[in-house]
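Let me begin by presenting the structure, written as structure tokens, before commenting on it.
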Protein chains: 2
Amino acid sequence: MKPKVSFKEAKSCPLQFVLAVNDTLNVISGKWKMPIIGSLLFDKRRFTEIQRNIPKITPRMLSKELKELELNGVVKRTVYDTLPVSVEYELTPSAKSLNHVLDTMVEWGIRHREAVVGRQKR
Amino acid sequence: MKPKVSFKEAKSCPLQFVLAVNDTLNVISGKWKMPIIGSLLFDKRRFTEIQRNIPKITPRMLSKELKELELNGVVKRTVYDTLPVSVEYELTPSAKSLNHVLDTMVEWGIRHREAVVGRQKR
DNA sequence: TTTACTAGTATACTTTAGTATAGCACTTCC
DNA sequence: GGAAGTGCTATACTAAAGTATACTAGTAAA
């Protein structure tokens, strides 16, 4: 559901906005969440595949973050009855729609960097 | 400048995207950045005004965060030669355009919460 | 002269986030 | 029988983020 008022139109910052922004922030902030989501954004992957994808992450961190992402409805975990067991992680449909958010963040990040550098040159 | 490829179109996650997302995250993540930006989003304010706006923040934190935001080109600090001195904080034009990012975050946050709750009910 | 306002700083602390290193249970390959 | 691959967990640590409490200099009103 679309919020009734955007930040631009609103005259003050309603609590529900802050809460919704925080929900989104909780999903993507921290040292490893973006790399993990990035790794899953284009394909489902297994534990060790993600680990190989993100060279410096420890299994403890990967495990911890994946659990948190699963709890938050961002990642779906599927265990296959193979020998040895294989476990697949994939983004939920809701998480896939994160790319809209990420796109605006990329755009703002690039623009903002240009604006800041521009001011320093002048 | 608009990035050439969006997350949806891209087949892998380019480094420049990750960097730009991190730039944006650095500006808005942490316990107090959003409340401070929220407080300045509709008007310029003085130190104690912001402090009254955000009841539980300590002056140490407010001071620290404002310095960081100033360094990152998000906030502009102006000292007025009144007695006692008054200092005004306002968002830079670049920071004001953050509301587009925040809007998509609000929208995703609300949708995602609905999706997660929906799954729990079923 | 005490009080209160301005915009903060100083010091010491707790809490949360992240790291380092080792190990487990299971199975297959050599 | 040992090594190697599966998906992790346990313990102990360091580093970063945030809190609590007190305090500063300058001025002005009571």
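Just so it is clear: chains get the letters A, B, ... in the order the sequence lines come, proteins before strands, and each one is counted from 1.
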- Note on the structure: Heavy-atom nearest nucleotide on DNA chain C taken for A/Pro84 and for A/Gly30; more 5' hit belongs to A/Gly30
- Closest-nucleotide 5' rank along DNA chain C - winner of B/Ser63 and B/Arg52: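 It is B/Arg52 whose nearest nucleotide is closer to the 5' end.
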- Message: Does B/Lys67 reach a base, just sugar-phosphate, or nothing at all? Heavy atoms under 4.0 Å.
- Response: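 B/Lys67: backbone/sugar contact only, no base atoms under 4.0 Å.
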- Judged by atom type as modelled, is there a donor-acceptor pair below 3.5 Å linking the side chain of B/Asp43 to the main-chain atoms of B/Leu40?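 No.
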Atom-to-atom span, [atom1] of [X] to [atom2] of [N] - whole angstrom:
{"X": "B/Glu65", "N": "C/dA7", "atom1": "CD", "atom2": "P", "value": "18 Å"}
{"X": "A/Lys64", "N": "C/dT19", "atom1": "NZ", "atom2": "C1'", "value": "11 Å"}
{"X": "A/Trp32", "N": "D/dA16", "atom1": "CH2", "atom2": "P", "value": "14 Å"}
{"X": "B/Arg45", "N": "C/dA7", "atom1": "CZ", "atom2": "C1'", "value": "17 Å"}
{"X": "A/Ile57", "N": "C/dG18", "atom1": "CD1", "atom2": "P", "value": "10 Å"}
{"X": "A/Phe47", "N": "C/dC24", "atom1": "CZ", "atom2": "C1'", "value": "14 Å"}
{"X": "B/Lys31", "N": "C/dT14", "atom1": "NZ", "atom2": "C1'", "value": "12 Å"}
{"X": "B/Ile36", "N": "C/dG8", "atom1": "CD1", "atom2": "C1'", "value": "14 Å"}

- D/dT19 phosphate, OP1 or OP2, under 4.0 Å from B/Thr58 side-chain N/O: no
- Message: Is it true that B/Thr104 and A/His100 share a donor-acceptor pair across their side chains at a distance under 3.5 Å?
- Response: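 Side chains of A/His100 and B/Thr104: no pair found under 3.5 Å.
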- Query: If you measure only the distance, is there a donor-acceptor pair under 3.5 Å linking the side chains of A/Arg111 and B/Ser97?
  - Reply: no
- Message: How long is the straight-line distance from CD1 of A/Ile110 back to CE of A/Met105, given to the nearest 0.5 Å?
- Response: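 A/Met105 atom CE to A/Ile110 atom CD1 measures 12.0 Å (nearest 0.5 Å).
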- Closest to side chain of A/Tyr89, choosing from D/dA28, D/dC8, D/dT6: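 So the nucleotide nearest the side chain must be D/dC8.
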- A/Glu88 vs A/Arg60, nearer the 5' end of DNA chain D by closest nucleotide: A/Glu88
- Query: Would you say the side chain of B/Phe47 lies within less than 4.5 Å of the side chain of B/Leu62, judging by non-hydrogen atoms?
  - Reply: yes
